[in-house]
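Report on one structure; see the data block that follows.
Counting convention: from 1, in listed order, for ligands and their atoms alike. Only heavy atoms go into these numbers, but all of them, side chains included; no hydrogens, no water, no symmetry mates.
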Amino acid sequence: MTARLIIMGPQGSGKGTQAARLAVRLGVPTISTGDIFRANIKGGTELGVRAKVFTDAGNLVPDEITNAMVADRLAEPDAAAGFILDGYPRTADQADVLDGVLAGAGSALDAVLELDAPREELLQRLHKRAEIENRADDTEDAIRRRLEIYAEQTAPLTTRYAERGLLVVADAIGEVDEVTERLLAALAAHVG
Ligand code: AMP
């Protein structure tokens, strides 16, 4: 099967970790918008300078910047046979743009994976990560802001993907290996 996938789940659900592991197992690249922004901010590029004020506050980077960045990345040869999008789309407008970009290339999504975890567990994991990684956007306010945006703007996208028969939900609680196998099994069952 082709693997044109989105992985969704609130911050702290283990989405980034699982995306990287699935990418290895499925032989496709991960495209993480958060990682691309962080790399650009670190490298001091123009994109990084434009994005930093938004990422630091836990706000979304404007669509005109984010959509163009993702379209460029999807056009690279390694994404031709599949990809796992991590952190994108986050809004209905981004989801529309993604559909258009894929349709323009004659392709479409195969599945949308959603990692499901209770809010208490998420907050605990995020605070732990803040201590370990020292991310500029892991402050109390920015964490709260990101969870709010996820609930308001990103979570509703799952309804839309479910209506299109693309949504595959897996429980995010458990050992990292266990969750990876759970996701792969759910995906295999879905694509049949
Ligand atoms: P993440 O690592 O996915 O939590 O992303 C870190 C930050 O990058 C977010 O809080 C946003 O500021 C920005 N970002 C990542 N993906 C997007 C996106 N799809 N749209 C807008 N901003 C994004």
Numbered atoms of ligand 1 (with element) below 4.0 Å of Tyr88, judged on heavy atoms:
19 (N)
Show the atoms of ligand 1 that are less than 4.0 angstrom away from any heavy atom in Gln94.
18 (C), 19 (N), 20 (N), 21 (C)
Give the residue, atom name and distance (to 0.1 Å) of the protein heavy atom nearest [atom].
atom	result
atom 7 (C) of ligand 1	Thr55 CG2, 3.9 Å
atom 16 (N) of ligand 1	Thr33 OG1, 2.7 Å
atom 9 (C) of ligand 1	Arg90 NH2, 3.7 Å
atom 6 (C) of ligand 1	Arg38 NH1, 3.6 Å
atom 23 (C) of ligand 1	Phe37 CE1, 3.7 Å
atom 19 (N) of ligand 1	Gly87 O, 2.8 Å

Is there side-chain contact between [X] and [Y], with at least one heavy-atom pair below 4.5 Å?
X	Y	result
Leu123	Leu147	yes
Arg160	Asp96	yes
Lys128	Arg125	no

Among Val61, Thr66, Asn59, Asp56, the residue with a heavy atom nearest to atom 12 (O) of ligand 1 is Asn59
Would a hydrophobic clustering, with Ile, Leu, Val, Met, Phe, Trp and Tyr connected at side-chain separations under 4.5 Å, put Val191 with Ile7?
yes
State plainly whether one hydrophobic cluster holds both Leu187 and Leu115, where clusters connect Ile, Leu, Val, Met, Phe, Trp and Tyr through side-chain heavy atoms under 4.5 angstrom apart.
yes
Relative to ligand 1, is Asp35 under 4.0 angstrom through side chain, backbone, both or neither, heavy atoms considered?
neither
Could you give me the CA-CA distance, side-chain angles and deciding distance for Arg145 and Glu148, then say whether salt bridge (Lys or Arg N to Asp or Glu O under 4.0 Å) is met?
CA-CA 5 Å; Arg145 181 79 191 116; Glu148 248 171 47; 2.9 Å; yes
Charged N to carboxylate O under 4.0 angstrom, Arg25 versus Glu181?
yes
